[in-house]
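The block underneath contains the structure these notes are about, expressed in structure tokens.
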Amino acid sequence: MAEGSLDYLKEHLDELERAGTALHPRTLESAQHARARFDGRDVINLASNNYLGLAAHPRMKEAAARAAAEFGAGSGAVRTIAGTMSLHTELERRFAAFKGADAAIMFQAGFTANSGTVAAILTKEDVIVSDQLNHASIIDGARLSKAEIKVFPHKDAAAADALLEESKAPGRHQLLITDGVFSMDGDIAPLPALVEVAEKHGAVMMIDDAHASGVLGKNGRGTVEHFGVHGRVDIQVGTLSKAIGVLGGFIAGPQHLIDWLVNRGRPFLFSTSAPPAVAAACIEALNILEESPELVERLWDRTRFFKQGLTELGFDTGQSETPITPVIAGEETKAVELSRLLWEEGVFTPAIVFPTVAKGSARVRTIVTAEHTEDDLKEALEAFERVGRKLGLI
Ligand code: PMP
């Protein structure tokens, strides 16, 4: 090992520290609940993606424990060698039915579902037309595919139309791709307009429903169900890590797409499959979603309550339409201070700053879950009011 060979990283880290953008994740010392213990402090937790409170739901814990007892802690192999367990295939059947698709395939994360799929279905001859605010995993997949990447302004279907038109060529495949719910702003993609554009150009339509599965549509079936555009989206991505409460990602679509990903989806081929407890808990989550529509209703009920509270106080909550509600502070330092003062008041809302969001639109991001009570949210709103006044935000 050459002495000092990695010292340049220290310099980069120092730069991040000086800019105030270095990350120092807090440590969760309890289960992931609406009130949880982070770094030794009990706080109202507005920071998780545990939309339905399934991460530590008693039935989920039981399902995971049962599967671990029967099938062990790990799967022991990649899917294509010896790591396809009956729990994986059962979960895939269930997820395909949940999404109204022919078939589905599980990946180890939502991230690899996106990146592995985009990379597997396009080549350097092809083009990907992608919303400006799409998730990093889509961007990485696009880069891996070597396809030409064309980015349209956020939610601008007419601009997507123009990009598809200008990049048309015989034999060239085109992919139009969007997040269903955007993770930093909480707004919803204009899916009906995008679907029309994709159909007009014969492009493949793909939607990343990481923040919409378990949140939008009947029983949380996602954006396709929310807009009633069944059969018009080729590829639906879901994550098992957010509303479903566990870990993993999904692609739902036609059987030949799924068969192709079994053969060419690199994370599927070259990375060990999910442990049995993960798959079993995900199956239980789908059972709970199907049996208990009131969970999703409660999520929306609490979301409306909290959003209304923030709006009445006079906060800028941007374009949010979902349980993700940003509270926009503007300058980076203001957002960091807002997050810090809320933390001192016992409310955990992380600051989100450049480069994750544009300069001047730094914010704290709040996520309400079905587990929050109105009392939790009232208490959080009181803290927002005190801190907001102190910082001159309201
Ligand atoms: N897509 C979007 C829009 C996301 O927000 C995330 C999670 N940050 C992912 C994909 C990746 O999902 P996972 O956490 O399951 O890897």
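Since the structure is predicted, the reported quantities are computational estimates derived from the model, not experimental observations. We count ligands from 1, going down the list as the structure has it; atoms in each ligand are counted the same way. Worth knowing before you read on, the calculation uses all heavy atoms, side chains too, and leaves out hydrogens, waters and symmetry mates.
Which parts of ligand 1 touch T239 is read off a 4.0 Å heavy-atom cut-off, strictly below it: atoms 12 (O), 13 (P), 15 (O). Residue-ligand proximity, D179 to ligand 1, at heavy-atom distances under 4.0 Å covers atoms 3 (C). Near A109, the atoms of ligand 1 lying under 4.0 angstrom from a non-hydrogen atom of the residue are 15 (O), 16 (O). Close contacts of ligand 1 with A210, meaning ligand atoms under 4.0 Å from a residue heavy atom, involve 1 (N), 2 (C), 3 (C), 4 (C), 10 (C). If you number the atoms of ligand 1 from 1 as listed, the ones under 4.0 Å from a heavy atom of G248 come out as 15 (O).
With respect to the salt-bridge test (charged N to carboxylate O, under 4.0 angstrom), the residues E385 and R389 qualify. Between R41 and E29 there is no salt bridge, since no side-chain N of the basic residue sits under 4.0 Å from a carboxylate O of the acidic one. Taking the charged nitrogens against the carboxylate oxygens, K99 and D209 do have a contact shorter than 4.0 Å, which makes a salt bridge. Salt-bridge formation is detected for the pair K155/E321: a Lys NZ or Arg NE/NH1/NH2 atom is positioned less than 4.0 Å from an Asp or Glu carboxylate oxygen. Ionic pairing of E284 and R94 is not present here: no N-O contact between side-chain nitrogen and carboxylate oxygen is shorter than 4.0 angstrom.
Scanning all protein heavy atoms for the shortest distance to atom 7 (C) of ligand 1 gives K242 NZ, 2.6 Å. Among protein heavy atoms, the minimum distance from atom 9 (C) of ligand 1 is reached at H135 CE1, 3.4 Å. Scanning the protein heavy atoms around atom 11 (C) of ligand 1, the nearest turns out to be F111 N, 3.4 Å. The protein atom (non-hydrogen) at minimum distance from atom 5 (O) of ligand 1 is H211 NE2, 2.7 Å. Of the protein's non-hydrogen atoms, G110 CA, 3.5 Å is the one closest to atom 12 (O) of ligand 1.
Each of E148, E125, E166 was evaluated against R172; a single residue qualifies, E148, per the salt bridge (charged side-chain N to carboxylate O under 4.0 Å, His left out) test.
Other residues, nucleotides and ligands place no more than 12 heavy atoms under 6.0 Å from the CD atom of E331.
Every heavy atom of G180 sits 4.0 Å or more from the atoms of ligand 1.
With atom 3 (C) of ligand 1 as the reference point, the heavy atom nearest to it among N114, V181, D208 is part of D208.
Summarising the geometry of I44 relative to A380, their closest heavy-atom pair is CD1-N, 4.0 Å, with the distance given to 0.1 Å.
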